[in-house]
Structures are given as C-alpha cells and as structure tokens.
Amino acid sequence: MGIIKVSQSFKTQVTPDRMFKALIMDSHNLCPKLMFSSIKSIEYLQGDGEAGSIKQMNFTEASPYTYVKHRVDALDKEHYMVKFTLIEGDALMDKLDWISYEVKFEPYGYTGCICKITSEYKTKENVEIKEEEIELGKDRAIGMYEVVEAYLLAHPRAYT
C-alpha cells in the first residue's frame, strides 16, 4: 500500500486559456466529438464542473474500459489549474483506491503553453502496480491532450 507520484509536462502551440477551456471546462462536449471511437459520452452526475462536481466518462466497446468517475477537487480558472480524482471505474484495475491529478497550463512563448500534470496513484493494501501500467495511462492522457491541441490549431477561433 502506498502512493506513487508521477509528474510530466509537454509544450503546446496553443495558449493556456484555450487549452484550459477546451480540455477542462468543455471536455464533456468536445472530447466525445473528437475521440468518438473511444469516448462514448461524458456527463456530470453532480454539479456543473466546479469543485465538488462528479463527472462520468463512458467509453465505447473499442476501449479496454467501460467508464470512470472523476470528482473535481479544486478549480482555478484564473490560473488555469484543476485538481481532480478518479474515484471509480475499471481503470483503477482493482489495484488502486484512487488516482488524483493536478493539471496546470502555464504560458510559454507568445502563443503556447506548457501543460504540467502531476498524478498520484494510491495503491490498495498489499498491491503493487507495474510501471508499464502507469505509462499506459500517461500515454492515453497525453494522446487526449494532443488531439485537443490539433483541433484547436485547426480551428483558431474555437475557445477564444
């Protein structure tokens, strides 16, 4: 039993406010449209995206998972930061109690940003998780961010 902490960052060619609006504030609308082969729907079960909200992401049959539920723990629209926790779903693999995330979008250059993601994986008692399993989750998250970045670059007036 323990907590595994992982940090990663990547640069985008999109401003922090647009990335934040698309990926955090409007992901429930945008992501199922862009990633329709893997994300069936995203809906709020409680709240509207502010701290305390519960959001469920439902996956298609092509995905290895069926659904996950996230709780929004903190939201700072002025500084483009969100903290949320994956509290339920088969992505926890019966090995984790929860996964918490802190995502920040910081300005980089004139028109870009650096996305910083810190994840904490809380393992169940007497369970070890392999690094490959964590890497797979990280790769999926980065892939989602890259799809949204590509959309925003192709649609420069979206989320302005």
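Any value given below was found using the heavy atoms of this structure, including those in side chains, with hydrogens, waters and symmetry copies removed.
Note on Met81: it does not cluster hydrophobically with Met19, by side-chain heavy-atom contacts below 4.5 Å among ILVMFWY residues. Hydrophobic clustering (ILVMFWY, side-chain heavy atoms < 4.5 Å, transitive): Val82 and Ile114 are in distinct clusters. Both Met25 and Tyr159 sit in one connected hydrophobic cluster of ILVMFWY residues. Membership requires side-chain heavy atoms under 4.5 Å apart, directly or through other members.
The shortest heavy-atom contact between Ile42 and Cys31 is CD1-CB, 4.0 Å. The heavy-atom pair separating Gly49 from Val72 by the smallest distance is O-CG1, 3.8 Å. Closest approach of Ala62 and Ser37 over heavy atoms only: CB-O, 3.5 Å. Closest approach of Ala158 and Arg18 over heavy atoms only: O-NE, 2.9 Å. Residue Tyr65 comes nearest to Ala91 through the heavy atom pair CE2-CA, 3.6 Å, listed as atom of the first residue, atom of the second, then distance. Heavy atoms only, all atoms of each residue included: Lys95 and Glu128 are closest at CD-O, 4.3 Å.
Applying the salt bridge (Lys or Arg N to Asp or Glu O under 4.0 Å) rule to Lys83 yields the partners Glu102; only residues at least two apart in sequence or on another chain are considered. Every residue two or more places apart in sequence or in another chain that forms a salt bridge (Lys or Arg N to Asp or Glu O under 4.0 Å) with Asp73 is listed here: Arg71. Residues passing the salt bridge (Lys or Arg N to Asp or Glu O under 4.0 Å) test with Glu50, sequence neighbours excluded: Lys77. Under the salt bridge (Lys or Arg N to Asp or Glu O under 4.0 Å) criterion, Glu106 pairs with Lys116, not counting sequence neighbours. In this structure, the ring-ring contact (aromatic ring centres under 6.0 Å, His included) partners of Phe10, at least two apart in sequence or on a different chain, are Tyr145.
In this structure, Asp90 contributes its side chain and Thr66 its backbone to a donor-acceptor pair below 3.5 Å. At least one donor-acceptor pair under 3.5 Å links the side chain of Ser53 to the backbone N or O of Asp48. Side chain of Ser41 to backbone of Asn58: no donor-acceptor contact under 3.5 angstrom is found.
Here ring pair (Phe, Tyr, Trp, His ring centres under 6.0 Å) pairs that include residues 66-104, with residues two or more places apart or in two chains, are Phe20-Tyr80, His70-Phe84, Phe84-Tyr101.
Annotation: the span from Ile54 atom CD1 to Thr85 atom OG1 amounts to 9.0 Å, rounded to 0.5 Å. Distance check, rounded to the nearest 0.5 Å: NE2 of His28 to CG of Asp26 gives 5.0 Å. Note: Ile99 CD1 to Glu120 CD = 11.5 Å, rounded to the nearest 0.5 Å. Rounded to the nearest 0.5 angstrom, Ser27 OG and Lys55 NZ are separated by 3.0 Å. Between the CD1 atom in Ile87 and the CG atom in Asp97 there is a gap of 12.5 Å [rounded to 0.5 Å]. The distance from atom CD1 of Ile117 to atom CD1 of Ile142, rounded to the nearest 0.5 Å, is 4.5 Å.
Heavy-atom contacts from other residues, nucleotides or ligands closer than 6.0 Å to CZ of Phe36 number 12 or fewer. The environment of CD in Gln8 is crowded: more than 12 heavy-atom neighbours from other residues, nucleotides or ligands sit within 6.0 Å. Summarising the local packing, OH of Tyr108 is surrounded by 12 or fewer heavy atoms from other residues, nucleotides or ligands at distances under 6.0 Å. No more than 12 heavy atoms of other residues, nucleotides or ligands sit less than 6.0 Å from atom CG of Asp94.
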- Would you check, one step at a time, whether the test side chain to side chain contact (heavy atoms under 4.5 Å, CB included) holds for Lys40 with Glu61? CA-CA 9 Å; Lys40 187 185 300 182; Glu61 294 75 27; 3.6 Å; yes
- Task: Any chance you could lay out the side chain to side chain contact (heavy atoms under 4.5 Å, CB included) test for Ile24 and Leu75, step after step, and finish with the verdict?
- Result: CA-CA 9 Å; Ile24 306 303; Leu75 182 70; 4.0 Å; yes
- Test Lys124 against Leu92 for side chain to side chain contact (heavy atoms under 4.5 Å, CB included), laying out the working first. CA-CA 10 Å; Lys124 291 186 180 282; Leu92 294 173; over 6 Å; no
- Report the C-alpha distance between Val68 and Phe59 in whole Å, list the side-chain angles of each, state the deciding distance to 0.1 Å, and finish with yes or no for side chain to side chain contact (heavy atoms under 4.5 Å, CB included). CA-CA 9 Å; Val68 293; Phe59 299 101; 4.0 Å; yes
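Residues Met35 and Val148 are in side-chain contact: their nearest non-hydrogen atoms beyond the backbone lie under 4.5 Å apart.
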